[in-house]
Protein chains: 4
Amino acid sequence: MPQIRRAMNAGQKERRRDDVLDAARRLCIGSDMSALSMDAIAREAGLAKGTLYLYFQTKEELFLALLEQDMEGWLASVEAAFAEALPSDHRALAKFIAAGLIERPLMTQLFARLPAVLEGNLPDDVALAFRLRTVRRTDAFGACLERALGPIAQGQGARLSQWVFAMIVGVHQIANPRPRMQRVLESRPELLARRLDFESELADALTALLDGIAPTA
Amino acid sequence: MPQIRRAMNAGQKERRRDDVLDAARRLCIGSDMSALSMDAIAREAGLAKGTLYLYFQTKEELFLALLEQDMEGWLASVEAAFAEALPSDHRALAKFIAAGLIERPLMTQLFARLPAVLEGNLPDDVALAFRLRTVRRTDAFGACLERALGPIAQGQGARLSQWVFAMIVGVHQIANPRPRMQRVLESRPELLARRLDFESELADALTALLDGIAPTA
Amino acid sequence: MPQIRRAMNAGQKERRRDDVLDAARRLCIGSDMSALSMDAIAREAGLAKGTLYLYFQTKEELFLALLEQDMEGWLASVEAAFAEALPSDHRALAKFIAAGLIERPLMTQLFARLPAVLEGNLPDDVALAFRLRTVRRTDAFGACLERALGPIAQGQGARLSQWVFAMIVGVHQIANPRPRMQRVLESRPELLARRLDFESELADALTALLDGIAPTA
Amino acid sequence: MPQIRRAMNAGQKERRRDDVLDAARRLCIGSDMSALSMDAIAREAGLAKGTLYLYFQTKEELFLALLEQDMEGWLASVEAAFAEALPSDHRALAKFIAAGLIERPLMTQLFARLPAVLEGNLPDDVALAFRLRTVRRTDAFGACLERALGPIAQGQGARLSQWVFAMIVGVHQIANPRPRMQRVLESRPELLARRLDFESELADALTALLDGIAPTA
DNA sequence: AATGAATGAGACTTCATTCAT
DNA sequence: CATGAATGAAGTCTCATTCAT
């Protein structure tokens with residue numbers, strides 16, 4: 001299943017690392033993240049279990065890499081879009097964010113599970129490096145928000161950035177029941193009727209939040 | 001440690017169930033929730049491991065019961081407070097909510113871990129019953145919010161209630177690093193400087209959210 | 001295969017612990033000690049792998065228990081024999097020791113491998129407790145030697161005891177080739193001709209050692 | 001770190017083989033032998049893991065080579081010393097042996113671990129060749145002993161040689177606790193007080209053994 | 001009702017060895 | 001000859017759950 005037999009140079013190694021992450025991503029989407037074993041990832045990637053440990057020191061490091069891959073891509077897409085044109089108003093901004101997350105179904109889920117991952121078997125230096133990159137991303141996204149929200153948010157970008165992420169995580173948890181609960185909900189019409197749509201709910205909630213932060217914008 | 005040797009009638013059985021939950025609560029606060037084993041809970045409760053299964057079908061049901069106990073208590077306290085006097089403004093409401101959560105340190109944590117619990121080994125009927133009670137609580141808290149926010153929130157209580165909870169979960173995750181990450185943060189002044197205080201951060205974020213929802217209130 | 005389904009009281013538990021040790025002993029004799037896995041021991045004992053960990057914290061603790069069981073038995077037999085009649089001379093003492101070891105084929109082997117076991121995954125308190133018991137056994141055997149060797153060994157029992165054990169371990173290593181080497185030896189007559197017999201070789205070597213220690217005895 | 005990039009002729013290949021052995025020796029002394037991986041040896045030697053397998057069929061062959069290197073050197077030093085002057089008495093001989101071992105800290109350790117190595121993954125032909133060389137060395141050392149001990153040991157050199165080695169291995173095991181046990185001992189004064197010094201203990205034990213073998217010498 | 005011994009699937013990780021490059 | 005990525009079997013240990021007592 002792997003394209004190349006042996007990843008010899010840096011480029012091939014990076015591709016192989018990505019292969020592993022892709023395999024993990026496929027499995028996460030298909031079933032449930034917490035049920036994911038290194039064994040299963042290796043099988044899905046068409047590699048031996050030991051090979052995974054050549055690319056990731058521990059399982060947790062792999063998950064972290066998965067999250068960061070998505071976040072970097074997402075952040076880049078936000079920055080690219082803002083460079084072209086800033087959202088016209090809060091609702092547009094909120095919808096843009098929500099739409100971007102829909103394209104990366106795993107990112108929100110991984111972010112929500114982050115605490116569990118961080119508590120696992122993670123070398124301290126990996127945890128620290130992750131945190132430092134998280135700070136950088138928070139600031140970068142904060143800068144985007146400041147530009148979009150105008151003078152009112154000046155200097156508050158990082159905080160707002162965190163509030164936005166808090167809302168994303170929270171709405172995700174409420175609007176995206178995991179498979180098992182999904183099944184339960186589907187057995188009861190009155191519960192099904194109260195189902196929320198993640199994208200629109202998040203857009204609405206973020207709009208309200210932004211409205212509250214920067215009333216006139 | 002258990003007061004009675006054998007729980008014969010319904011009252012005694014309920015008390016014993018509560019004993020187990022109290023033991024779990026003590027342990028959760030002391031250390032980390034995900035590292036909690038049935039063995040440890042049984043020991044803390046002064047009971048045998050097997051006995052726990054007389055009161056809870058699975059570990060997950062136990063955690064769910066723990067969460068619900070806290071939520072019911074919290075909801076009752078909210079309702080009691082609102083019956084006496086409604087919060088004077090958004091900030092007062094936000095601070096009241098944040099303060100109530102501080103008094104129940106486990107509730108927020110359990111709520112944040114809910115997806116993991118729900119994906120675990122949980123009988124379908126238990127999951128369903130939990131969900132139905134969650135709906136009831138959501139509506140009850142929603143009604144409180146409608147009363148506090150006035151005409152603007154009319155009919156939106158349940159949704160707002162969920163947004164508020166989303167914000168609680170999200171801010172919790174960002175402001176309460178788990179022990180390991182806490183240690184890592186403490187090793188770096190520049191990270192320590194960015195530490196957030198859960199209570200005040202939540203109050204600010206909720207205030208903004210409420211301001212956005214009901215601008216004039 | 002296990003006699004009783006569940007070991008409920010202390011006696012049954014001790015018997016079960018012994019069952020596990022017996023299973024390990026059977027496997028050690030049959031094949032090679034270092035090839036012994038907890039998995040194999042559990043299978044041989046007719047128990048689940050996890051059950052072994054109810055009786056021994058780690059694999060190393062199990063091996064230590066195996067060794068101690070043999071040593072206690074051996075020491076008791078030495079003391080019993082000496083209580084009845086002291087060996088008449090050095091050669092008689094040496095032969096008695098060698099004969100006692102032949103009856104416990106595992107003891108010498110385990111003793112020889114002790115360093116490897118002690119370097120494994122052994123809780124510090126278990127290691128300490130083992131060492132303290134080893135000291136007691138050394139002194140007890142030393143007392144036996146002092147009685148047998150007469151005035152010359154007075155106060156030197158413990159040291160002599162250790163020299164005797166050193167000789168036992170060393171001769172064992174030279175005279176008892178492990179299966180693989182045994183096969184190799186058998187393929188060459190000139191090597192086979194130099195084969196040593198553990199029992200007689202040890203008896204001779206110990207006799208010499210005792211002669212050197214206590215010339216007139 | 002390796003002097004030459006590619007070992008082309010026999011001389012260079014032998015030097016490279018020695019480089020590997022030297023690297024292994026450095027690591028053995030620094031830490032614990034059983035924890036030594038081919039990876040670590042390769043790194044220390046400045047070579048790739050695969051390269052090691054060009055010089056040694058298996059890990060065990062490498063360890064065997066290490067032991068033999070030390071033994072050949074030691075034997076040569078014994079023969080050289082005896083050619084100059086024979087030890088004046090048993091104690092002098094014993095002290096000479098003990099001192100020679102102190103200079104080769106690895107030799108004793110490797111000899112003690114020999115059974116484990118021999119039981120590992122060792123090609124039969126390698127095992128056989130090792131054994132044949134061991135016989136030669138045993139005889140050579142035996143001849144030295146016969147010369148030193150005089151007529152009494154005539155024809156017994158090889159046996160005595162093995163007894164001496166048995167004593168060396170045994171005293172080594174008793175007097176040189178591995179790091180973990182060393183730590184445990186250091187936590188208890190009563191255990192620390194019973195610590196043995198390898199060199200002097202071996203000298204005493206060997207003196208006694210020689211006295212027993214050849215009383216008048 | 002209570003116990004706690006027993007289960008056993010499953011997790012992560014290591015490392016000697018191989019072999020494509 | 002040299003490399004080092006890949007292998008994969010093997011290992012130890014955990015823990016939610018069951019069930020004989």
Side-chain angles (χ1 to χ4, degrees), chain A residues 2 4-9 12-13 16 35-40 42 46-60 120-121, chain B residues 2 4-9 12-13 16 35-43 47-60 62 120-121, chain C residues 2 4-9 12-13 16 35-40 42 46-60 120-121, chain D residues 2 4-9 12-13 16 35-43 47-60 62 120-121:
Chain A
I4 45 179
R5 192 71 62 94
R6 243 154 226 254
M8 298 302 287
N9 57 47
Q12 289 175 322
K13 281 162 90 165
R16 173 133 298 179
L36 215 53
S37 70
M38 290 298 261
D39 216 4
L47 295 170
K49 214 174 350 175
T51 308
L52 263 50
Y53 286 88
L54 296 177
Y55 294 92
F56 304 96
Q57 288 186 59
T58 67
K59 188 195 194 191
E60 280 72 24
N121 183 15
Chain B
I4 45 179
R5 189 71 60 95
R6 246 164 193 257
M8 302 299 285
N9 58 47
Q12 289 174 323
K13 282 161 99 165
R16 173 136 298 179
L36 214 55
S37 70
M38 290 297 263
D39 210 7
I41 297 172
R43 236 183 350 257
L47 295 171
K49 220 179 340 179
T51 308
L52 264 50
Y53 286 86
L54 297 176
Y55 295 93
F56 304 96
Q57 290 186 58
T58 69
K59 191 194 193 191
E60 281 72 25
L62 191 157
N121 184 12
Chain C
I4 45 179
R5 191 70 61 94
R6 243 153 226 257
M8 298 302 288
N9 58 47
Q12 290 174 322
K13 282 162 89 165
R16 173 135 299 179
L36 215 53
S37 70
M38 290 299 261
D39 217 5
L47 294 171
K49 215 180 341 179
T51 308
L52 263 52
Y53 286 89
L54 295 177
Y55 293 93
F56 304 96
Q57 288 186 59
T58 68
K59 188 195 194 190
E60 281 72 24
N121 183 15
Chain D
I4 45 180
R5 190 70 60 92
R6 245 162 193 260
M8 301 299 285
N9 59 47
Q12 289 174 322
K13 282 162 97 166
R16 174 137 299 180
L36 214 54
S37 70
M38 289 298 263
D39 210 6
I41 296 172
R43 235 185 349 259
L47 295 170
K49 219 177 345 176
T51 308
L52 264 51
Y53 285 86
L54 297 175
Y55 296 93
F56 304 95
Q57 290 186 59
T58 69
K59 190 193 193 191
E60 281 71 24
L62 191 158
N121 183 13

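Computation of the quantities below employed the complete heavy-atom set of this structure, encompassing side-chain atoms and omitting hydrogens, waters and symmetry-equivalent molecules. Numbered from 1 within each chain, the chains take letters A, B, ... in sequence-line order.
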**Fill in**
Using Watson-Crick geometry (N1-N3 plus N6-O4 or O6-N4) or G-U wobble (N1-O2, O6-N3), each under 3.5 Å, dT14(E) is paired with dA9(F)
**Asked** NA contact type, Thr51(A), heavy-atom cut-off 4.0 Å: base, sugar-phosphate, or nothing?
**Response** base
**Prompt:** Just how far, in rounded Å, is C1' of dA20(E) from CZ of Arg6(A)?
**Reply:** 5 Å
**Item:** Most 5' of Asn121(A) and Leu54(B) on DNA chain E, judged by nearest nucleotide
**Value:** Leu54(B)
**Prompt:** At their closest point, which heavy atom of Lys59(D) faces which heavy atom of Leu36(D), and how far apart are they?
**Reply:** NZ-O, 2.8 Å
**Asked** Between Ala7(A) and Leu36(C), who's closer to the 5' end of DNA chain F by nearest nucleotide?
**Response** Ala7(A)
**Asked** Can you check the Asp39(C) CG to dA10(F) C1' distance for me, whole Å?
**Response** 9 Å
**Fill in**
Nearest heavy-atom contact between Lys13(C) and Tyr55(C) is O-CE2, 3.6 Å
**Item:** Rounded distance (Å) that lies between atom P of dT3(F) and atom CG of Asn9(A)
**Value:** 18 Å
**Fill in**
Winner on side-chain proximity to Tyr53(C), out of dT12(F), dT3(E), dG8(E), is dT12(F)
**Request:** Specify the separation, in whole Å, of atom CG of Leu47(D) and atom P of dG4(F).
**Result:** 10 Å
**Request:** Take atom CZ of Arg43(D) and atom P of dT3(F), then tell me their distance rounded to the nearest Å.
**Result:** 14 Å
**Request:** Compare side-chain N and O positions of Arg16(A) against OP1 and OP2 of dA6(F) and report whether any pair is under 4.0 Å apart.
**Result:** yes
**Asked** Of Ala48(D) and Gly50(B), whose closest DNA chain F nucleotide lies nearer the 5' terminus?
**Response** Ala48(D)
**Prompt:** Does OP1 or OP2 of dA5(E) have a side-chain N or O of Lys13(C) closer than 4.0 Å?
**Reply:** yes
**Nucleotide forming a Watson-Crick or wobble pair with dT21(E), both distances under 3.5 Å** = dA2(F)
**Prompt:** Which atom names give the shortest non-hydrogen contact between Met38(C) and Tyr53(C), and what distance separates them?
**Reply:** CG-OH, 3.5 Å
**Atom-pair distance (CG on Leu62(D); C1' on dC15(E)), nearest Å** = 15 Å
**Length of the CE-C1' vector between Met38(C) and dT7(E), whole Å** = 15 Å
**Request:** Find the partner of dA1(E): check Watson-Crick (N1-N3 plus N6-O4 or O6-N4) and G-U wobble (N1-O2, O6-N3) distances, both under 3.5 Å, and reply none if neither fits.
**Result:** none
**Fill in**
Here the pair of heavy atoms bringing Glu60(C) nearest to Asn121(C) is OE1-O, 3.1 Å
**Request:** Report which part of the nucleic acid Lys49(B) touches: base, sugar-phosphate, or nothing (heavy-atom distance under 4.0 Å, all strands).
**Result:** base
**Message:** Between Lys49(B) and Ile41(B), is there a side-chain heavy-atom distance shorter than 4.5 Å?
**Reply:** no
**Request:** Select from Lys59(D) and Met8(C) the residue whose nearest nucleotide in DNA chain E is closer to the 5' end of that strand.
**Result:** Met8(C)
**Prompt:** At under 4.0 Å between heavy atoms, what does Tyr55(B) touch on the DNA or RNA strands: base, sugar-phosphate, or nothing?
**Reply:** sugar-phosphate
**Message:** If I compare all heavy atoms of Arg6(B) with all of Gln12(B), which pair ends up nearest, and what's the gap?
**Reply:** O-OE1, 3.9 Å
**Message:** Distance check needed: dC15(E) P versus Leu52(A) CG, whole Å only.
**Reply:** 18 Å
